[in-house]
There are 2 protein chains.
Amino acid sequence: MELSERKKQILKAVVEHYIDSAEPVGSKTISEELGVSSATIRNEFAELCELGYLEQPHTSAGRIPSPSGYRLYVNELMERRSLTPQETEGIDEALRGKLEDMGGAMTNAGQLVSSIVNYPAYSVTSGNSALTVERFELLSVDETSFIAVVMTSDKNVKSQLQGSELRFDPAHLSDLKNLLNTHFAGKSREEMSAHLMSVSDQLSPELFLVLSKTVEYASGILEEASKRDVETTGASRILKMPEYRDVDRAHELMTFLVDNKENLPVPEDGVPLKILIGPENVNEALRDTSVVVASYDIGDGMRGLVGVVGPTRMDYATVTARLSYFAESLTKMFGKGLPSPEE
Amino acid sequence: MELSERKKQILKAVVEHYIDSAEPVGSKTISEELGVSSATIRNEFAELCELGYLEQPHTSAGRIPSPSGYRLYVNELMERRSLTPQETEGIDEALRGKLEDMGGAMTNAGQLVSSIVNYPAYSVTSGNSALTVERFELLSVDETSFIAVVMTSDKNVKSQLQGSELRFDPAHLSDLKNLLNTHFAGKSREEMSAHLMSVSDQLSPELFLVLSKTVEYASGILEEASKRDVETTGASRILKMPEYRDVDRAHELMTFLVDNKENLPVPEDGVPLKILIGPENVNEALRDTSVVVASYDIGDGMRGLVGVVGPTRMDYATVTARLSYFAESLTKMFGKGLPSPEE
DNA sequence: CTTAGCACTCAGGGTAAAAGAGTGCTAAAA
DNA sequence: TTTTAGCACTCTTTTACCCTGAGTGCTAAG
């Protein structure tokens with residue numbers, strides 16, 4: 001059933017007042033705004049309550065939006081704000097400094113978002129489990145150590161000094177390198193370790209040790225890269241919000257944000273922006289918070305996420321506008337900046 | 001002037017009661033403990049107040065320790081606890097998992113400490129500005145890109161794919177590598193960039209570009225490594241402490257811990273453990289908190305720091321014992337674990 | 001359908017009294 | 001001289017209570 005135009009206006013007004021005052025909104029406030037008497041508004045209030053869009057903290061208080069009230073607001077009533085020049089400039093500015101180190105940008109994305117929207121934020125870099133090693137290099141150091149260099153298929157290069165318990169002849173490193181590149185490059189972790197078994201008897205023990213150390217190292221890198229990484233920041237911002245004046249509530253949310261960040265919502269692929277209001281969050285601990293989360297493209301079909309966590313009384317219009325802009329900017333950055341890395 | 005034995009006992013008792021109750025301690029509590037009448041205790045209280053070791057929140061309340069009371073307690077009265085087997089086991093256990101990735105251990109040190117002592121913690125890895133490049137390697141990729149590998153004097157190896165705007169002949173990379181190793185290895189950042197100038201006209205533009213990209217990359221690594229890095233964790237733990245039931249106080253400390261972490265105390269070299277009580281902290285924002293900070297050796301005369309921040313009513317005995325043990329364990333780990341890295 | 005009017009409800013603020021914890025002081029006991 | 005019992009006093013905390021004000025729901029008139 002469709003709401004009357006006036007009911008929508010009233011709901012919108014209540015939501016917006018409540019968003020910036022955090023206090024129940026009375027009929028008088030709305031009546032002044034819409035130019036109808038408060039009694040009329042009260043009648044409408046009563047119906048909106050009945051329909052489940054508004055709630056009453058207690059009999060003699062004003063109304064506050066229910067989760068479905070917010071939902072309707074977000075879906076239909078909210079004006080999609082465009083950002084002011086100051087806002088875009090602020091976000092551009094924040095991104096500009098970070099543009100240099102692309103890798104850092106992802107882990108810092110949360111911090112930026114948090115400062116941009118003034119809510120706690122999180123950043124997810126979805127792991128790439130399809131990653132393989134594109135190239136191995138072995139650099140000789142001495143008879144008991146060498147440097148393993150691994151370039152993954154996303155053009156990241158990692159390297160580490162490796163020590164071996166068995167002496168080996170550095171002259172053989174070049175052969176080993178070729179072996180690695182022909183038989184281990186392009187393989188998954190499982191394939192690599194399977195293949196490692198099969199060559200174990202074709203090599204001298206000391207060279208096999210070098211080989212396996214390198215493969216293990218590479219395997220560790222792939223595993224690390226396949227993990228989804230979630231970072232949260234700005235949790236302390238909630239302490240300025242009236243809904244978290246209660247230290248225990250604040251503590252609950254804050255510990256969730258640091259200890260359970262893996263359980264923060266991750267929308268399905270292809271959804272650029274998702275808003276989860278209160279009980280729409282499956283996670284119990286987020287039942288009275290809202291989450292807004294946007295995705296951006298990293299390239300190669302990969303994506304990252306940036307999200308915002310706050311009370312259901314969240315400034316959805318501003319948050320969605322800024323977050324979308326931020327995510328779009330990141331997508332652009334990655335489109336331009338990569339794949340030729342650095343400058 | 002030396003306090004009487006009994007005054008010391010009383011002070012000790014007051015501090016310890018206050019530490020675990022957070023409530024002013026009355027004469028009756030102490031009288032039961034020491035087997036003297038409460039009136040006697042009251043007389044002693046009055047004198048201890050006069051001497052500045054105790055304070056009275058208001059006329060008819062019990063006593064709480066003053067900062068100098070805590071100081072005396074820490075210096076003379078506190079029993080240096082040895083850890084229980086459970087405690088050492090807990091710490092060993094926490095470290096065991098992290099032993100593998102030594103680099104990670106340092107950034108995670110704060111987290112571990114925080115969970116070990118249940119206060120917010122911080123970890124400082126003091127930058128090494130004497131670091132130089134021990135070895136350069138250049139690996140050929142194609143005519144417009146190559147991999148720069150840099151091993152620093154602390155045996156860390158970093159590498160990155162570099163793109164060049166000018167085509168170059170990969171065959172020359174080996175010469176460039178030798179040039180780098182003979183003229184740039186072992187040099188400071190300033191020396192490297194100075195030398196870069198001097199070779200600019202001895203090389204073709206495209207090779208100079210490769211060279212300078214590599215040197216810049218190395219320089220960036222050295223700069224990064226020279227920076228002191230401070231990480232804080234566990235800030236939300238304060239929300240469980242009665243002194244931070246006031247959201248504003250909590251917020252103040254928490255934002256300090258994230259935004260001003262560089263201003264956390266860093267003791268002079270050679271001090272294994274430092275305790276700063278309330279106003280002993282020069283920093284205004286820490287005026288009514290205490291900080292306990294321990295240092296550990298990384299090797300090569302370098303050190304790291306782990307510290308704990310909490311209310312002046314901190315459990316100094318437990319914190320110092322656990323923190324010391326933790327720092328000593330780290331020192332041992334680094335002594336054994338490095339310089340031959342990994343396993 | 002809208003609005004004025006009115007009685008009603010309930011949270012929040014303020015004051016007052018009561019309770020409780022602990023003190024300081026005095027005077028007696030050790 | 002030191003310790004202790006006793007007692008009046010102080011000050012916070014708790015509870016109760018009332019009052020106020022914001023806001024409601026309902027009714028009846030416009």
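Letters A, B, ... mirror the listed sequences (proteins, then strands); counts begin at 1. Because the structure is predicted, anything quoted here is derived from the model rather than measured. Hydrogens, waters and symmetry mates are skipped; everything else that's a heavy atom, side chains included, is used.
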Walk me through it: do Val113(A) and Tyr119(A) pass the test side chain to side chain contact (heavy atoms under 4.5 Å, CB included)? CA-CA 8 Å; Val113(A) 170; Tyr119(A) 287 98; over 6 Å; no

Of Thr59(B) and Val36(B), whose nearest nucleotide on DNA chain D comes first from the 5' end? Val36(B)

Is the count of non-hydrogen atoms from other residues, nucleotides or ligands lying under 6.0 Å from Lys8(B) atom NZ greater than 12? yes

Is the closest side-chain donor-acceptor distance between Ser290(B) and Tyr316(B) under 3.5 Å? yes

If you assign Asn43(B) and Ser60(B) each to the DNA chain C nucleotide with the nearest heavy atom, which residue ends up on the more 5' nucleotide? Ser60(B)

Atom pair distance, as rounded to whole Å: NZ in Lys28(B) and P in dG20(C): 13 Å

Check the distance between dA21(C)'s P and Glu23(B)'s CD and give it to me in whole angstrom. 11 Å

Answer with yes or no whether the side chains of Glu87(A) and Tyr325(A) bring together a donor and an acceptor at under 3.5 Å. no

Just to be sure I understand the rule, does Thr40(B) reach a base, reach only the sugar-phosphate, or reach nothing, if contact means heavy atoms closer than 4.0 Å? base

Flag if over 12 foreign heavy atoms under 6.0 Å of NZ, Lys28(B): no

Any side-chain donor-acceptor pair under 3.5 Å between Arg237(B) and Asn118(B)? yes

Mind checking if Ser27(A) touches a base, just sugar-phosphate, or nothing, with heavy atoms under 4.0 Å? sugar-phosphate

Take atom CD of Glu79(A) as the centre, draw a 6.0 Å sphere, and report whether it contains more than 12 heavy atoms from other residues, nucleotides or ligands. no

Using whole Å, report how far CZ of Phe45(B) lies from C1' of dG22(C). 10 Å

Side-chain atoms of Gln56(B) come closest, of dA11(C), dT3(D), dG24(C), to dG24(C)

Atom CD1 of Ile10(B) and atom C1' of dT23(C): how far apart are they, to the nearest Å? 15 Å

Extract from the structure each pairing of a protein N or O with an N or O of nucleotides 5-8 of chain D at less than 3.5 Å, listing the distance.
from: dG6(D); atom 1: O6; to: Arg42(B); atom 2: NH2; distance (Å): 3.2

Leu34(A) atom CG is separated from dT2(C) atom P, nearest whole Å, by 12 Å

Please state how far atom CD1 in Ile30(A) lies from atom P in dT3(C), giving the value in whole angstrom units. 15 Å

Starting at atom CD1 of Ile41(A), determine the distance to atom P of dG23(D), rounded to an integer number of angstrom. 14 Å

For atom OH of Tyr18(B) and atom P of dG22(C), their distance in whole Å: 14 Å

Check every atom of dC10(C), dG25(D), dT3(D) against the side chain of Arg63(A) and return the nucleotide holding the closest atom. dG25(D)

